[in-house]
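Lettering of chains follows the sequences in order, A, B, ..., and the numbering in each one begins at 1.
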Amino acid sequence: MPPSLRAPRGTRDLLPDERAAFARVERIARDLAARYGYRDMETPLFEQAAIFERGIGAATDVVEKELFRVSPSRGEEREAWALRPEATAGICRAYVEHGMQTWPQPVRLSLSGPMFRYDRPQAGRYRQFWQWDVEAIGDAGPAVDAELVELGARFYRDAGLPDVEILLNSIGDAACRPAYLARLVAHYRADGIHLPELERRRLETNPLRLLDSKDPAMAEVNAGAPRITDHLCPACAQHFAAVRAHLDAMGITYRVEPGLVRGLDYYVRTAFEFYRRGEEGQQQALGGGGRYDGLIELLGGKPTAGIGFALGLDRVVLALAAAGTGAPAEAVPVAVVVGADPGNTLDRLRIATDLRGAGLPVRADLAVRKLGRQLEAAVRDGAQFAVILGDELAAGEVQLRDLDGGSQKTVALADLPALLRRKVRAPGAP
RNA sequence: GUGGCCUUAGCUCAAUCGGUAGAGCAUCGGAUUGUGGCUCCGAAGGUUGCGGGUUCAAGCCCCGUAGGCCACCCCA
């Protein structure tokens with residue numbers, strides 16, 4: 001196939017099997033959001049690029065090298081837009097635009113849909129990927145932080161991934177982070193410490209990153225590095241302690257990870273990540289989130305606290321497939337209408353239509369082929385019954401054949417809907 | 001954005017030293033009149049990702065390119 005006729009790099013088709021697996025986790029997420037009082041909403045797939053540049057941070061990787069800019073072929077807004085790389089900025093834009101500060105606070109919102117980032121694809125890392133996003137805007141207290149972490153954890157458990165670790169950290173705020181960063185940089189610049197090239201560069205761009213460096217040479221240097229959790233201002237320290245107390249009270253197990261840093265500029269205080277050590281090559285960050293108390297103000301609103309998380313649905317589906325669980329239940333027709341006369345598609349379609357009109361999931365075999373082939377196809381479709389049309393149709397009767405057992409009986413056409421309705425089994429039920 | 005590995009039928013893979021591409025599964029059809037899963041027979045399906053080069057001859061060697069994957073960067 002010519003390259004030009006393939007799906008774009010980093011995108012893929014979700015064929016029915018995979019789409020069904022997605023639908024399953026989407027349904028779990030939607031049900032949970034509703035149960036926790038988070039109401040579903042949508043934002044445009046693209047926004048003014050400035051929303052992301054200002055909200056996420058112009059110097060972050062997500063904006064600097066991964067933003068999918070959109071260029072309309074004409075008009076003044078050329079190159080002013082970008083496909084959303086995450087949901088939070090757009091939701092906060094909507095919060096301000098629609099005056100949600102007048103709604104009862106906090107405003108609890110959820111959103112699920114495709115996000116776009118222009119980076120190099122790998123398994124579980126796509127240019128178009130799906131996130132389930134949950135936000136609580138307008139509550140600065142630590143309890144809501146804990147509620148969200150617990151919600152995320154419950155999602156993975158309900159989806160069928162029990163071995164998801166919760167990583168928790170506080171990254172301080174404007175009051176304490178600058179001083180800590182200065183202390184950290186001083187540590188790495190101290191005499192006698194030689195940093196690898198990559199780490200020297202990161203010291204300039206994002207010093208926190210050095211803490212979870214994968215370079216083995218850094219292990220010793222990092223062991224002596226100051227920890228942010230030891231240098232929080234009183235307000236942040238108190239908040240962090242309260243978040244942990246709430247989590248402990250709910251019996252949530254988590255690991256405080258002082259090296260945990262989120263890649264977006266808007267995060268303050270609470271940062272968390274859902275993590276799963278999977279097989280070789282598996283993307284391990286399944287989701288993450290944190291507090292963004294300054295973001296609404298940055299987007300033109302009044303100072304408003306907020307916290308949220310985004311979970312990668314692609315990675316959940318992938319992890320479920322790797323674990324061999326999450327096989328989706330698919331709707332199959334209860335019955336397939338087949339006919340003894342290969343050419344008589346008219347009666348087959350007519351009777352199937354009547355049955356569907358009666359609310360039954362029924363397929364008609366519309367191919368011109370002999371009865372044996374039709375029955376074969378019906379079995380492959382997973383149908384429970386075949387409605388066989390033959391000469392008895394003239395007398396208003398059909399053969400109803402049980403495709404599992406093989407038994408068969410003559411049934412009056414008029415009795416068929418009621419008979420089948422009793423046999424409808426829930427999709428996926430044994 | 002950096003480095004590495006891979007690419008043959010829809011899928012999973014063969015193809016000797018460079019000698020003109022094959023299997024299994026899947027699909028479709030047949031095995032005497034209106035009955036499925038098993039079995040048997042058959043058909044269709046390929047510019048060997050794409051483009052160049054070397055050679056009498058390239059799926060195989062060389063270069064480029066696209067895509068996938070892996071490790072980084074980063075993140076979901």
Between [N] and [M], how far apart are the two [atom1] atoms, rounded to whole Å?
N     : M     : atom1 : answer
B:G29 : B:C63 : C1'   : 47 Å
B:G53 : B:C13 : C1'   : 29 Å
B:C11 : B:U39 : P     : 24 Å
B:U20 : B:G36 : P     : 44 Å
B:U8  : B:A71 : C1'   : 27 Å
B:G67 : B:C50 : C1'   : 10 Å
B:A9  : B:U47 : P     : 9 Å
B:G1  : B:U12 : P     : 28 Å

Fill in: Among B:G68, B:G37, B:G34, the one nearest A:P121 by side-chain distance
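Shortest atom-to-atom distance from the side chain points to B:G68.
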Practice prompt. When you get a sec, tell me which of B:A76, B:U35, B:G67 is the closest nucleotide to the side chain of A:R9?
Written response: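 Nearest to the side chain of A:R9 among the choices is B:G67.
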To the nearest Å, give me how far apart [atom1] ([X]) and [atom2] ([N]) are.
X      : N     : atom1 : atom2 : answer
A:I388 : B:G36 : CD1   : P     : 10 Å
A:F68  : B:A76 : CZ    : P     : 17 Å
A:I56  : B:C74 : CD1   : P     : 17 Å
A:R117 : B:C73 : CZ    : P     : 16 Å
A:R348 : B:U35 : CZ    : C1'   : 13 Å
A:R380 : B:G37 : CZ    : P     : 10 Å
A:L260 : B:A76 : CG    : C1'   : 14 Å
A:E376 : B:C28 : CD    : C1'   : 11 Å

Item to complete: First locate atom CG of A:L167, then atom CG of A:N169, and finally report the distance between them rounded to the nearest 0.5 Å.
Response: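 If I round to the nearest 0.5 Å, the distance is 9.0 Å.
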Item to complete: Return no unless some side-chain N or O of A:Q399 is found under 4.0 Å from OP1 or OP2 of B:G34.
Response: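 For A:Q399, the contact criterion (side-chain N or O under 4.0 Å from OP1 or OP2 of B:G34) is not met.
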Worksheet item: Within the structure, does a side-chain N or O atom of A:R369 lie under 4.0 Å from either OP1 or OP2 of B:G34?
Response: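 A:R369 to B:G34 OP1/OP2: no side-chain N or O under 4.0 Å.
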Check every strand shown and say whether [X] touches a base, only sugar-phosphate, or nothing at a heavy-atom separation below 4.0 Å.
X      : value
A:E64  : nothing
A:D341 : nothing
A:R401 : base
A:G406 : base
A:G10  : sugar-phosphate
A:Q408 : base
A:Y126 : base
A:G390 : base
A:D61  : sugar-phosphate

Worksheet entry | Strand contacts (RNA chain B) in residues 127-136 of chain A, 4.0 angstrom heavy-atom criterion |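 Close to the strand are A:F129, A:Q131.
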Any donor-acceptor pair under 3.5 Å linking the side chain of [X] with the backbone of [Y]?
X      : Y      : value
A:Y156 : A:L286 : yes
A:H231 : A:R227 : yes
A:R117 : A:V63  : no
A:E86  : A:A89  : yes
A:R127 : A:D119 : yes
A:R84  : A:T43  : yes
A:R401 : A:S407 : no

Should the pair [X] and [Y] be assigned to parallel (<30°), tilted (30 to 60°) or perpendicular (>60°) ring geometry?
X      : Y      : result
A:W130 : A:F22  : perpendicular
A:F46  : A:W81  : tilted
A:F272 : A:F309 : perpendicular

Discussion item. Assuming nearest nucleotide by heavy-atom distance, tell me which of A:G288 and A:T11 is located more 5' along RNA chain B.
Written reply: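 In this pair, the answer is A:T11.
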Practice prompt. With RNA chain B as reference, determine whether A:L264 or A:E392 sits nearer its 5' end, using the nearest nucleotide of each.
Written response: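 Looking at RNA chain B, the more 5' nearest nucleotide goes with A:E392.
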Discussion item. For a side-chain contact (heavy atoms from CB on, under 4.5 Å) check, start with the C-alpha distance between A:T88 and A:Y292, then their side-chain angles and the critical distance, and finish with the verdict.
Written reply: CA-CA 9 Å; A:T88 305; A:Y292 47 85; 3.7 Å; yes
Worksheet item: Between which residue ranges does RNA chain B form stems of three or more consecutive Watson-Crick or G-U wobble pairs, both distances under 3.5 Å?
Response: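 RNA chain B forms these stems: B:1-7 with B:66-72, B:10-13 with B:22-25, B:27-31 with B:39-43, B:49-53 with B:61-65.
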Worksheet entry | Audit row: A:K409, A:E397, salt bridge (Lys or Arg N to Asp or Glu O under 4.0 Å) steps and yes/no | CA-CA 10 Å; A:K409 59 183 173 181; A:E397 290 176 338; over 6 Å; no
Worksheet item: Is a side-chain donor-acceptor pair under 3.5 Å present for A:R30 with A:S112?
Response: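 No donor-acceptor contact under 3.5 Å links the two side chains.
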Protein and nucleotides 30-33 of chain B: nitrogen or oxygen contacts under 3.5 angstrom:
{"residue": "B:G30", "atom": "N7", "partner": "A:R373", "partner atom": "NH2", "Å": "2.7"}
{"residue": "B:A31", "atom": "OP2", "partner": "A:K370", "partner atom": "NZ", "Å": "3.2"}

Discussion item. Counting distance alone, no hydrogens or angles: does the base of B:G34 have a donor or acceptor under 3.5 Å from a partner atom on the side chain of A:Q374?
Written reply: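 Between B:G34 and A:Q374, which were checked side chain against base, a qualifying N/O pair under 3.5 Å is absent.
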Discussion item. Please evaluate residues A:D145 and A:R291 with respect to the criterion salt bridge (Lys or Arg N to Asp or Glu O under 4.0 Å), reporting the C-alpha separation (whole Å), side-chain torsions for both, the decisive distance (0.1 Å), and the verdict.
Written reply: CA-CA 8 Å; A:D145 301 32; A:R291 185 160 275 286; 2.5 Å; yes
Side-chain donor-acceptor pairs under 3.5 Å in residues 345-353 of chain A, sequence neighbours left out?
{"residue": "A:D347", "atom": "OD1", "partner": "A:R350", "partner atom": "NH2", "Å": "2.8"}
{"residue": "A:D347", "atom": "OD2", "partner": "A:N344", "partner atom": "ND2", "Å": "2.8"}
{"residue": "A:R348", "atom": "NE", "partner": "A:N344", "partner atom": "O", "Å": "3.2"}
{"residue": "A:R348", "atom": "NH1", "partner": "A:D365", "partner atom": "O", "Å": "2.7"}
{"residue": "A:R348", "atom": "NH1", "partner": "A:A367", "partner atom": "O", "Å": "3.1"}
{"residue": "A:R348", "atom": "NH1", "partner": "A:Q374", "partner atom": "OE1", "Å": "3.4"}
{"residue": "A:R348", "atom": "NH2", "partner": "A:D341", "partner atom": "O", "Å": "3.0"}
{"residue": "A:R348", "atom": "NH2", "partner": "A:P342", "partner atom": "O", "Å": "2.7"}
{"residue": "A:T353", "atom": "OG1", "partner": "A:L349", "partner atom": "O", "Å": "2.6"}

Validation: residues 8-16 of chain A side-chain donor-acceptor distances under 3.5 Å, sequence neighbours left out:
{"residue": "A:T11", "atom": "OG1", "partner": "A:P8", "partner atom": "O", "Å": "2.7"}
{"residue": "A:R12", "atom": "NH1", "partner": "A:D314", "partner atom": "OD2", "Å": "3.2"}
{"residue": "A:R12", "atom": "NH2", "partner": "A:D314", "partner atom": "OD2", "Å": "2.9"}

Worksheet, complete the sentence: B/S/- along nucleotides 1-12 of chain B (protein heavy atoms under 4.0 Å) is BBBB--------
